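A quick write-up on the structure given underneath.
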Amino acid sequence: MKKTFLILGAVVIFMASFSKADLAKEKTVVATATTTNHATFQSNPGEKLINKSDCLGCHNKTNKIIGPAYVEIAKKYPATEKNINMLADKIIKGGTGVWGNMPMTAHATLKKDDAKLMVKYILSLKKK
């Protein structure tokens, strides 16, 4: 009877040691994957600025919400310096009429260089 409890106890300890090791490995893998995916998700400075702003309330990368999808904007405007400046000004000053009657809110506190980074990111989404 003592042997049975001793063997049973040893088996339980043996199995418990594997589950803790596996759990520690899983946490490490999940943490690494999360860090990698997050870094990949926001690797572009323009994308970081967009994600910190209120842009996502009206725009989406691939689908029209209130305003056009970023890929549609990229399809419409070539990535020229003239278009980058014009679209950066439109982000800062707001606008209406190009994509419909719904006006785009002005972002007067946004720096021109930041707006240009945002535009460059959006225009980089053009499918080839």
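Note that the coordinates shown come from a computational prediction; the quantities given were computed from them, not determined experimentally. Scope of the values below: all heavy atoms of this structure, side chains included, with no hydrogens, waters or symmetry mates.
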Legend entry - Heavy-atom pair of closest approach, residues A88 and K112: CB-CE, 4.3 Å

Legend entry - Donor-acceptor contact below 3.5 Å, side chain D114 vs main chain L110: no

Inset, instruction - State whether the number of non-hydrogen atoms from other residues, nucleotides or ligands found under 6.0 Å of K76 atom NZ is greater than 12. - result: yes

Inset, instruction - Return the set of residues passing side chain to side chain donor-acceptor pair (under 3.5 Å) with K64 (not counting sequence neighbours), or none when no residue passes. - result: none

Inset, instruction - Please test I92 against H107 for side chain to side chain contact (heavy atoms under 4.5 Å, CB included), starting from the C-alpha separation and ending with a verdict. - result: CA-CA 4 Å; I92 294 169; H107 299 85; 5.6 Å; no

Inset, instruction - Enter the distance from K127:NZ to K75:NZ here, rounded to the nearest 0.5 Å. - result: 7.0 Å

Inset, instruction - Taking the side chain as every heavy atom from C-beta outward, state whether M104 and I91 have any pair of such atoms under 4.5 Å apart. - result: yes

Legend entry - Minimum heavy-atom distance S53-M118, with the two atoms named: OG-CE, 3.8 Å

Legend entry - Sidechain N-carboxylate O distance under 4.0 Å for E47, K120: no

Inset, instruction - Find the distance between NZ (K111) and CG (L49) and round it off to the nearest 0.5 Å. - result: 10.0 Å

Inset, instruction - Would you please test I50 and Y121 for side chain to side chain contact (heavy atoms under 4.5 Å, CB included) and show each step? - result: CA-CA 9 Å; I50 287 171; Y121 165 71; 3.6 Å; yes

Inset, instruction - Of all the heavy-atom pairs spanning N83 and P78, show the shortest one and how long it is. - result: ND2-O, 2.9 Å

Legend entry - Audit row: L56, I65, side chain to side chain contact (heavy atoms under 4.5 Å, CB included) steps and yes/no: CA-CA 9 Å; L56 298 176; I65 300 178; over 6 Å; no

Inset, instruction - Can you see which heavy atom on L125 is nearest to which on A74, and at what distance? - result: C-CB, 4.0 Å

Inset, instruction - Please report the shortest heavy-atom distance between L123 and Y77, naming the atom on each side. - result: CD2-O, 3.5 Å

Legend entry - Gap between atom NZ of K90 and atom CE of M86 - 0.5 Å precision: 6.5 Å

Inset, instruction - Group every Ile, Leu, Val, Met, Phe, Trp and Tyr by side-chain heavy-atom contacts under 4.5 Å, then state whether I66 and W99 land in the same group. - result: no

Inset, instruction - Output, in order, the C-alpha distance, side-chain angles, deciding distance and verdict of side chain to side chain contact (heavy atoms under 4.5 Å, CB included) for K116 and N85. - result: CA-CA 7 Å; K116 286 172 78 171; N85 282 314; 3.4 Å; yes

Legend entry - Point-to-point distance, once rounded to the nearest 0.5 Å, from CG of D54 to NE2 of H59: 9.0 Å

